[in-house]
Structure formats: C-alpha cells, structure tokens
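Contents: one structure, followed by commentary.
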Amino acid sequence: MTPLIVANWKMNPTSREEAQRMIVETERAAAAGCEVVLCPPFVFLDKAGVILEGVKLGAQNCSFQEEGSLTGEISPRMLKSFGVEYVIVGHSERRTIFGEGDGTVNQKVKSVLRNGLLPILCVGETAKERDEGKTEETIERQLTKGLDGAEGETIVAYEPVWAIGSGLPCDPETAEKARTLIERKTGSKRIIYGGSVDPSNAREYIEKASFSGLLVGGASLDTDKFREIVEICESI
Ligand code: PGA
C-alpha cells in the first residue's frame, strides 16, 4: 500500500510570506511512491491549492454542518471547493483544548464523508489513561462513538496524546498493539501513526509496526526534515 504522509502545520506559520515559502518547499517533498498531504491553517489553503501539484491538500478541522449561521466555522463543502481531499478530525488538541467530545467528532466524520472527502480520525490515550491501563478502552470508545453510523472510507491516525509534540515518541511495539486493535475494530487498512515523528524514527513505524503512513506535526515545519521523512517511507 502506498504510504500516506500527512503534514499537520497546526497554527503555523504566522505570515503569508512564510507560508508561501514553506508551501513551495513542501511541494518538493512530492514523491511518486508516497501520497503526501499538506494540512496548513485554513487561511493558507487557497495559496497552497494554487502552488501544490504533487502534494495533496488537507484541512486540520472542519464544521459538522455544510452551511449556515455558525460564526467562525469552516464547512467541508467550502473545503471541497478549495480542492481539499482530506480532513483531520478529532485531533487531541481539538478534543482537549476545545472540548470536542466523541459526539461532535462523530458528526464531523459524517459531514466530511457526506461531502466526498476523506476523514483522518485521530484516536489515542492520554498519559493518565495509559497509566491507568485504559489505553484499549479509550481507543475502542473513540472508534465506536467516532465512527457510529459513518459510511465510507475513514483513515485512522493512532496518536497517543502523550507522544504529541513531546519529543517522546511511542515505541513501535506499543504502537503496533494499538494498530492491531484499530484494524480489528474497524477493518481499516489505512492506519497511520502520529506523535513526535522525525527522520530518526519514521522508518520503524512503517517497517516494524506496519502502519500505512505517518501524521507529522513539528517535523513538518522543517521542510528538509519532512522531505527526508517522505524519502525514508518511499524507500521501504
Ligand atoms: P508532533 O504532532 O509530530 O509534533 O508530535 C503530531 C500531531 O499532533 O499531529
């Protein structure tokens, strides 16, 4: 299966000039043997859509509704009209900082699917849940509720919350256990790993833990590092 490598820029960079430069550099990560997706902040999607050719376009979030009176929200229908193909849903920063529960995440997954886009549903346990032995229970709940009534292909990203932005990546054996659970529960073959991915550990998630791709946060802001990650995945 072609590896899927997703760059999640989060709330970076902070100027259009910087964004333009980084989009051009990210396009150089386009690789024949990988599916590379860039998820920039909403305000840079238009520019990215114009510049990118070999790299696909993704969004970091979206509304659960197509249109209407929801101040500050961006709908999947709008995203589609900008050439977006993928939408990250239920990222842990949305869940913990913005209080998105499994019900909201589920509505978003369905809305993304209704609009013919591919959801990337993020699941994963917090450090507390891990320490209390609730990793499996957490992942199962997030999948059951998040995918309830959802029809269509969904990509699942296993992102242990404690590994995100911490520089403490999950070891491949533990990640593989979560991947197996997700595969058993959803039947999905497209399961990717995220959480402190960099060029030094990218290979093991694909090779050892059998993930079909990676969700890269911090390291995707360094476009050389990101290109290196893509090259490593392409070489496997
Ligand atoms: P990170 O972020 O690679 O900086 O840990 C991953 C993510 O949150 O998507």
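Note that the structure is predicted; figures quoted are calculated from it, not measured. Positions are given from 1, in the same order as the sequence printed here.
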Residue pair [X] / [Y]: nearest heavy atoms and the distance that separates them:
X	Y	value
Asn61	Leu79	O-CD1, 3.9 Å
Arg190	Leu118	NH1-CD1, 4.2 Å
Leu70	Ser63	CD1-OG, 3.6 Å
Glu27	Gly54	OE2-N, 2.8 Å
Glu66	Ser111	OE2-OG, 4.0 Å
Ala163	Pro169	CB-CA, 4.3 Å

Kindly indicate whether the side chain of [X], heavy atoms from C-beta on, has any atom under 4.5 Å from the side chain of [Y].
X	Y	result
Glu85	Leu57	no
Glu129	Thr126	yes
Glu140	Leu181	yes
Ile23	Leu52	yes

Under the side-chain contact (heavy atoms from CB on, under 4.5 Å) criterion, do Ile88 and Cys122 qualify, and how do the steps go? CA-CA 7 Å; Ile88 297 173; Cys122 299; 3.7 Å; yes

Can you confirm whether more than 12 heavy atoms, excluding those of [X], are under 6.0 Å from its [atom1] atom?
X	atom1	result
Lys225	NZ	no
Glu136	CD	no
Glu173	CD	yes
Lys177	NZ	no
Arg16	CZ	no

So, does Asp198 use its side chain to make a donor-acceptor pair with the main chain of Ser200 at under 3.5 Å? yes

Kindly indicate, with the supporting measurements, whether the criterion salt bridge (Lys or Arg N to Asp or Glu O under 4.0 Å) is fulfilled by Glu125 and Lys134. CA-CA 8 Å; Glu125 76 287 359; Lys134 292 184 178 158; over 6 Å; no

If the threshold is 4.0 Å, N to carboxylate O, is there a salt bridge linking Glu183 and Arg179? yes

Looking at Glu176 and Lys208, is there a salt bridge between them, counting it only when a charged N and a carboxylate O are closer than 4.0 Å? no

Sorted by chain and number, sequence neighbours left out, ring-ring contact (aromatic ring centres under 6.0 Å, His included) with Tyr158 holds for none

Donor-acceptor pair between Arg21 and Thr223 side chains, under 3.5 angstrom: no

Polar contact flag, side-chain donor to acceptor under 3.5 angstrom, Gln60-Trp9: no

Calculate, to the nearest 0.5 Å, the distance between atoms [atom1] and [atom2] belonging to [X] and [Y] respectively.
X	Y	atom1	atom2	result
Ile191	Phe211	CD1	CZ	7.5 Å
Leu214	Ser220	CG	OG	11.5 Å
Lys128	Glu132	NZ	CD	4.0 Å
Ser235	Arg203	OG	CZ	4.0 Å
Thr174	Arg130	OG1	CZ	9.5 Å

Under the salt bridge (Lys or Arg N to Asp or Glu O under 4.0 Å) rule, what do Glu67 and Arg77 come out as? Steps first, then yes or no, please. CA-CA 8 Å; Glu67 60 185 330; Arg77 195 182 290 167; 3.5 Å; yes

